[in-house]
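Contents: one structure, followed by commentary.
Chain A is the first sequence line, chain B the second, and so forth, proteins listed ahead of strands; every chain is numbered from 1. Hydrogens, waters and symmetry mates are skipped; everything else that's a heavy atom, side chains included, is used. These numbers were taken from a predicted model, which means no experiment stands behind them.
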Amino acid sequence: MGIKDLLKFLKPHTESIHIKKYAGKRVGIDAYSWLHKGAYSCSMELSLNMEGDKKLQYLKYFMHRINLLRHHKITPIVVFDGGNIPCKAVTQDERERKRKANRELAMEKLKEGDVSAASELFQRAVTISPSMAHQLIQVLRSEDIEFVVAPYEADAQLAYLSSLEAEKGGIVAVVSEDSDLLAYGCPAVVFKMDRYGNGQEIILDKVLGSSDRVPSFRNFDKNLFTGMCVLAGCDFLPSIPGIGIVKAHSLVSKYRNLDRVLSVLKFEKGSQVPEQYSKSFREAVAVFHHAHIYDAALKQLKHMKPIPEDLLKSFDEELDFLGPEMPQSIATAIAEGNLNPCTMEAFSYFPSSSQANSTNLVRCDRLKKQEKRSLSSEDGCFAAVTSCKSRKDEKRGKFSASHAPFVVGRKHIDGAVELEKLKLPLMNDCEEESIIIIQKEVPKLPENNPFKKRNMEDILLKHTESTIKQVSVLTETESSEMLYPTPDSQQSVDSKPVKTTEEDTSVHREKKMKRSSNCHSSVQKSSILNFFSRV
DNA sequence: CTTCGGTTTATAT
DNA sequence: TAAACCGAAG
Ligand SMILES: [Mn+2]
């Protein structure tokens, strides 16, 4: 989980700041850290997919913070985690195992009638499902907030954005809880930002350049710093037994060269050093430098930093540990929030059960060209569209033409979902991989199924009436000083909804519509605005 | 002092 | 997505 003990170790190098120091700047947001925090306020509702809007409180939490930044004239860029990176698999499996255990315990307690014990356990079982992330994405779209879904780790994407000029979509700082960002070389990170905008800032160059603070990083460059992080133990590679952040730091400062540190370690620790350690070590460092990220200008997958020829050779041209490459169309569909990066299913507009994300309509599968994997037929799948390269293979396997009751191509799939909507220009990506779109049978839900009833549109429609008259000042940047007090003036922040007269309300509404006049349905938009303005 | 392995917290009323 | 915390052992 991040770099073990790094933040504690860097405590002397942190500075308490208020986020308003980034006024006028573009700042990256590590979406999952706020999503997780927000989910705590409604973990049971989410886990059980209960009726009502309480399970949407995580969205309100998130937007509250977004509005805090906007109030201070900061432009937030929200970055989501994407697919799972192979070398992190063990870390993630362990997390999921614990979550499931807690969830089952919670269900037991619930059966026993012990609600408070259950809800405590549900808190430990919270997961941010892709569906939840997608609901947030829809709100961000409606609020014209920039966002991007990273192909793999958000950390890497944020570090990449930090290396760009603002004009090219870059950011000057990142708000996150994750120490990995420093290992990725992020120049400025704000940790532990609270609801008032107070946080702990670490400037990497200050850390490396400072001469008077302890621990000292004299003679460290970013590469050595990253090496120290890996030695201390990271998500990709556990540390050698007995090595923590302190020893990692002293080894690196003593030898000022990672290869030398490794050979010293092998000599001193002997058999305690795993056989594969130095290879894994080099790979982990390479992830921090060359992870796969999305280049929004080129609209394609790239390495965070280009991989030098000799480094590539030293890995025998095998970069599988970075996660598979993907065609431009897929990377873009993921980045723009149209494709679930874990399942490769298209997001359906209507969220289903937020925790069990099972009713998406379309699935997009990638098959390596060479791979002779037989197309396993998932129950309920009945149709496929293939890209041009493999179209001749259509008769292959279970996906014969007779199973495909729709046009092969980009137009329509059986009338249910238009491919256009998915922004998947399938025909462009034939060399690398073939792409298969599978349509699942639309699940037949009973009329009283709560999953079906509770979708975003219902909720928004339902609340349009009640909220339209009660516009709070949360989305208004002018008169909201009292809601976002600066540290010195932060007494009563009980942000009660500001009662407005009918007159005021319509004025507010008009303002909002004007602001978003360039876009589609302003009715729905303003209902979303109002919904997340409610207090 | 440092590392290790476990548990608890993160919300908001 | 994680860090913080705490007692025990090296
Ligand atoms: Mn991370």
Side-chain angles (χ1 to χ4, degrees), chain A residues 1-11 14 28-47 54-65 78-85 88 91-92 94-96 98-99 101-102 105 116 119-130 132-133 136 149-150 152-158 174-184 189-196 199-200 202 214-215 231-235 238-251 269 272 341-342 493-496 535:
Chain A
M1 284 121 221
I3 308 302
K4 216 184 294 170
D5 294 325
L6 180 62
L7 292 188
K8 199 175 75 178
F9 189 63
L10 292 182
K11 201 66 161 267
T14 67
I29 309 297
D30 189 353
Y32 272 63
S33 65
W34 286 0
L35 278 169
H36 270 270
K37 289 192 190 185
Y40 261 75
S41 61
C42 51
S43 54
M44 184 156 79
E45 288 77 8
L46 285 168
S47 284
K54 189 164 182 213
K55 65 168 181 278
L56 293 181
Q57 268 213 252
Y58 70 97
L59 294 173
K60 210 157 80 178
Y61 174 95
F62 200 104
M63 292 314 288
H64 194 297
R65 294 190 163 216
V78 181
V79 180
F80 293 85
D81 281 279
N84 301 330
I85 174 169
K88 209 178 162 182
T91 304
Q92 287 163 333
E94 207 159 304
R95 270 182 199 161
E96 196 169 319
K98 284 183 179 175
R99 271 199 303 264
N102 280 313
L105 283 176
S116 67
S119 70
E120 219 176 284
L121 288 165
F122 276 125
Q123 290 193 338
R124 302 182 195 178
V126 269
T127 310
I128 304 303
S129 66
M132 288 166 67
L136 173 60
V149 181
Y152 296 102
E153 293 227 299
D155 311 0
Q157 187 72 31
L158 286 159
V174 174
V175 176
S176 174
E177 307 300 315
D178 188 353
S179 59
D180 278 340
L181 285 159
L182 298 169
Y184 276 103
V189 188
V190 177
F191 296 98
K192 308 183 208 328
M193 194 192 85
D194 66 17
R195 62 172 147 172
Y196 307 116
Q200 303 297 118
I202 297 184
V214 187
L231 285 170
C234 62
D235 290 344
S239 69
I240 295 169
I243 302 294
I245 186 70
V246 175
K247 285 180 179 162
H249 170 261
S250 72
L251 282 168
K269 294 275 178 178
Q272 295 221 57
C342 302
V493 208
D494 314 359
S495 47
K496 289 183 188 166
V535 181

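Taking atom CG of A/Leu6 as the reference point, atom P of B/dT3 lies 13 Å away to the nearest angstrom. Residue A/Phe122 contributes atom CZ, which lies 18 Å from atom P of B/dT8 at whole-angstrom precision. Distance A/Arg95 CZ to B/dT7 C1': 16 Å, rounded to the nearest Å. Rounded to an integer number of Å, the gap from A/Gln123 CD to B/dA10 P is 9 Å. In this structure, A/Met1 places its CE atom 15 Å from P of B/dC4, rounding to the nearest Å. Taking atom NZ of A/Lys60 as the reference point, atom C1' of B/dA12 lies 11 Å away to the nearest angstrom. Computed from coordinates, the A/Lys37 NZ to B/dA12 P distance equals 11 Å when rounded to whole Å. With rounding to whole Å, A/Asp5 atom CG is found 16 Å from B/dG6 atom P.
Using a 4.0 Å heavy-atom criterion, one finds that A/Asp30 contacts no nucleic acid atom at all. Residue A/Ser176 is classed as having no contact, given no heavy-atom separation below 4.0 Å to the nucleic acid. At a threshold of 4.0 angstrom between heavy atoms, the contacts of A/Asp180 are confined to the sugar-phosphate backbone, with no base atom among them. At the heavy-atom level, A/Tyr61 lies under 4.0 Å from the strands shown only through sugar-phosphate atoms. A/Lys88 comes within 4.0 angstrom of sugar-phosphate atoms only, judged by non-hydrogen atoms across all strands, and of no base. Nucleic acid contact class of A/Leu35 (heavy atoms, under 4.0 Å, all strands): none.
Considering CG of A/Leu7 and CD1 of A/Ile202, their distance stands at 5.5 Å, rounded to 0.5 Å. Atom CZ of A/Arg65 is separated from atom CD1 of A/Ile29 by 9.5 Å, given to the nearest 0.5 angstrom. Atom CD1 of A/Ile245 sits about 7.0 Å away from atom CG of A/Leu10, to the nearest 0.5 Å. The distance from atom CE of A/Met132 to atom CG of A/Leu56, rounded to the nearest 0.5 Å, is 9.0 Å. Distance check, rounded to the nearest 0.5 Å: CG of A/Leu35 to CG of A/Asp30 gives 9.5 Å.
When the nucleotides B/dT11, B/dC4, B/dT3 are ranked by their closest atom to the side chain of A/Lys247, B/dT3 comes out on top. Closest approach to the A/Ser41 side chain among B/dT3, B/dC4, B/dT11 is made by B/dT11 (side chain taken as heavy atoms from C-beta onward). Proximity note for A/Arg124 (side chain, C-beta onward) versus B/dA10, B/dA12, B/dT9: the nearest is B/dT9.
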**Prompt:** What's the verdict on side chain to side chain contact (heavy atoms under 4.5 Å, CB included) for A/Trp34 and A/Met193, showing C-alpha distance, side-chain angles and the deciding distance?
**Reply:** CA-CA 10 Å; A/Trp34 286 0; A/Met193 194 192 85; 3.7 Å; yes
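A distance-only check finds a donor-acceptor pair linking the side chain of A/Asp235 to the backbone of A/Gly2 [under 3.5 Å]. In this structure, the side chain of A/Asp81 engages the main chain of A/Ala154 through a donor-acceptor pair within 3.5 Å.
Read 5' to 3', the first and last nucleotides of DNA chain C with an atom closer than 4.0 Å to a heavy atom of chain A are C/dT1 to C/dA4.
For the pair A/Ser239 and A/Gly38, nearest-nucleotide mapping onto DNA chain B gives the more 5' position to A/Ser239. Where A/Ile245 and A/Tyr40 meet DNA chain B, the nucleotide closest to each residue was compared, and A/Ile245 sits on the side nearer the 5' end.
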